[in-house]
2 protein chains.
Amino acid sequence: MALEIPEVVINRLPIYARALAALAEQGETVVSSQALGQALDVTPAQIRKDLSYFGRFGKQGRGYNVPGLLTRLREILGLDRQWHVCVVGVGRLGQAIVEYGGFGPQGFQIVAAFDADPAMVGRRVGGITVRAATELDGFLHNNRVDIGVVAVPAAVAQQVVDQLVKAGIRAILNYAPMTPHVPRDISIRHIDPVIAMQSMTFYIKLAEGGGK
Amino acid sequence: MALEIPEVVINRLPIYARALAALAEQGETVVSSQALGQALDVTPAQIRKDLSYFGRFGKQGRGYNVPGLLTRLREILGLDRQWHVCVVGVGRLGQAIVEYGGFGPQGFQIVAAFDADPAMVGRRVGGITVRAATELDGFLHNNRVDIGVVAVPAAVAQQVVDQLVKAGIRAILNYAPMTPHVPRDISIRHIDPVIAMQSMTFYIKLAEGGGK
DNA sequence: TTCCGTCTGTTACGGATTTCACAACCGGAG
DNA sequence: CTCCGGTTGTGAAATCCGTAACAGACGGAA
């Protein structure tokens, strides 16, 4: 019904999909919003409401068909396709990303990696050959790349992001410790363990005695 | 004033602090909420409102004193202290975490790493010696550890989290691709690049033509 | 067939968060 | 000393989001 689906809802769908995949793995064929909510620490009402943005997937009195709902969620999110990812920056962090085996099985194929360091160019990392940063533009124009992963120092991250955006990339996963500026129609997500820790310390401190 | 500060506000403070640190680095001594908002893509009103939960830090007509506000934010968040972190799971991901140089300079000191694999135990990674998983409980009881980083397979993550919580840890940074259950008074943050990508694909697909 | 327990989809409500708008304030110029 | 452009802090309004509650539907039991 609604063409305006809140972003918070979209962000929860992959979590639901992952939980459903785990249930399917265990051979479960049916799950209620209550059971799913219990596993994920969200209220059943929230799950039902979120799903209702996209259609009616459940059966009253029964619950949801696990493989069926999983398939629909994967369609909605586009997880039934293969996505092409490139990694910019093949330092320690970039290498870990390229070598990480968790993307491929989920349909995210790393098709290229770039680095500005000449000593890095030409080396094979995780099965692909590192290209020169100067080849980035050309590569993006000659190959479909859906998502750019930014793993460069903060000082050059904005420049890399601009380059990716100008080349037509629509989604960016940013590992650099800064907040790059992107046009409104580009998706960006930030992976920043330090920032995550820095918000938790507030609560540790609070629990330790509130006082300063 | 308020003893009930929204969590979203707390989560934004480290971002503000980081931006202020960058400004201080450049020698800026004063910044307005407008200028800061422009750099971070948030509204000036939001910044002012967020800061107002903690006091009055600005001067009308001038803005905020950069080093002064930075110091206050770091106090509020507890970033003026040294925090002790342990890493559980020293596979590829855990190794990358232990070797990552970004935690130390921000006051997060990795004091121990644990792994269940006997082949891993005793090896030195990033300057520390990997301990056996069986030593985890003992270590946590004999040493102050503030934050636990979980980098184990999803199948055993809940078990590790439970162990950390039982030993008195108050904050967890979870890299495992699942959602562990924790008591309400424990902070937990999730680092999951796959989930992040999976919400962006929805928008890529949307932009590609809306239709399925 | 009818009844009953269960569970969805949805609407209405309430709370939380963001944005708006403006009075109060600051410091410098004249 | 007074005026003025610029900026904060903040209550009020608007928006967004989550929760509650219930009508309607389903499947099995009798």
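As the structure is a prediction and not an experimental result, all values here were calculated from the model. Per chain, numbering begins at 1; letters A, B, ... match sequence-line order.
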Quiz prompt | B:Ala167 versus B:Leu140, closest heavy-atom pair with distance | solution = CB-CD1, 3.5 Å

Quiz item: If we ignore angles and hydrogens, is there a donor and acceptor under 3.5 Å between the side chains of B:Arg189 and A:Ser199?
Solution: yes

Practice problem: Enumerate the residues from residues 31-39 of chain A whose closest heavy atom to DNA chain C is under 4.0 Å, giving them by residue number; use none for an empty result. | Solution: A:Ser32, A:Ser33

Quiz item: What's the CG-P distance between A:Leu51 and C:dC7, to the nearest Å?
Solution: 16 Å

Self-check item: Contact state string [nucleotides 22-30 of chain C, B base, S sugar-phosphate only, - no protein heavy atom under 4.0 Å]
Solution: --BBBS---

Quiz item: Rounded to the nearest Å, what distance is computed from the CZ atom of residue A:Phe57 to the C1' atom of nucleotide D:dC26?
Solution: 19 Å

Quiz item: Does the pair A:Lys205/A:Glu208 count as a salt bridge with the N-to-O cut at 4.0 Å?
Solution: no

Practice problem: Let me see the working for A:His190 and A:Asn174 under side chain to side chain donor-acceptor pair (under 3.5 Å), right down to the final yes or no. | Solution: CA-CA 5 Å; A:His190 304 277; A:Asn174 175 48; 3.1 Å; yes

Practice problem: Would you mind reading off the distance between B:Ile5 atom CD1 and C:dA16 atom C1', rounded to a whole angstrom? | Solution: 15 Å

Quiz item: Do other residues, nucleotides or ligands put more than 12 heavy atoms under 6.0 Å from the CD atom of B:Gln26?
Solution: yes

Quiz prompt | Nearest-angstrom distance from the residue atom CD of B:Glu4 to P of C:dA16 | solution = 9 Å

Quiz item: To the nearest angstrom, how far is B:Tyr53 atom OH from D:dT8 atom C1'?
Solution: 16 Å

Quiz item: For DNA chain D, whose closest nucleotide is more 5', that of A:Val9 or that of B:Gly58?
Solution: B:Gly58

Quiz item: Just checking, is any N or O donor in the side chain of B:Asp50 or B:Gln46 under 3.5 Å from an acceptor N or O on the other one?
Solution: no

Quiz item: Should the pair B:Asp185-B:Arg170 be classified as a salt bridge under the 4.0 Å nitrogen-to-oxygen rule?
Solution: yes

Quiz item: Do NZ/NE/NH1/NH2 and the carboxylate oxygens of A:Arg72 and A:Asp80 come within less than 4.0 Å?
Solution: no

Quiz item: For A:Gln46 and C:dA16, what is the distance between atoms CD and C1' respectively, to the nearest whole Å?
Solution: 14 Å

Self-check item: Length of the line joining B:Ile47:CD1 and C:dT17:C1', which is rounded to integer Å
Solution: 16 Å

Self-check item: Rounded distance (Å) that lies between atom C1' of C:dC7 and atom CG of A:Asn65
Solution: 15 Å

Quiz item: More 5' along DNA chain C: A:Arg56 or B:Thr43, using each one's nearest nucleotide?
Solution: A:Arg56

Exercise. Kindly determine whether B:Ile204 and A:Ile147 satisfy side-chain contact (heavy atoms from CB on, under 4.5 Å), including the steps that lead there.
Key: CA-CA 9 Å; B:Ile204 302 177; A:Ile147 302 174; 4.0 Å; yes

Quiz item: Under 4.0 Å: is that the gap between some side-chain N or O of B:Tyr64 and OP1 or OP2 of D:dG9?
Solution: yes

Quiz item: Which nucleotide, C:dT10, C:dT18, D:dG9, lies nearest any side-chain atom of B:Lys49?
Solution: C:dT18

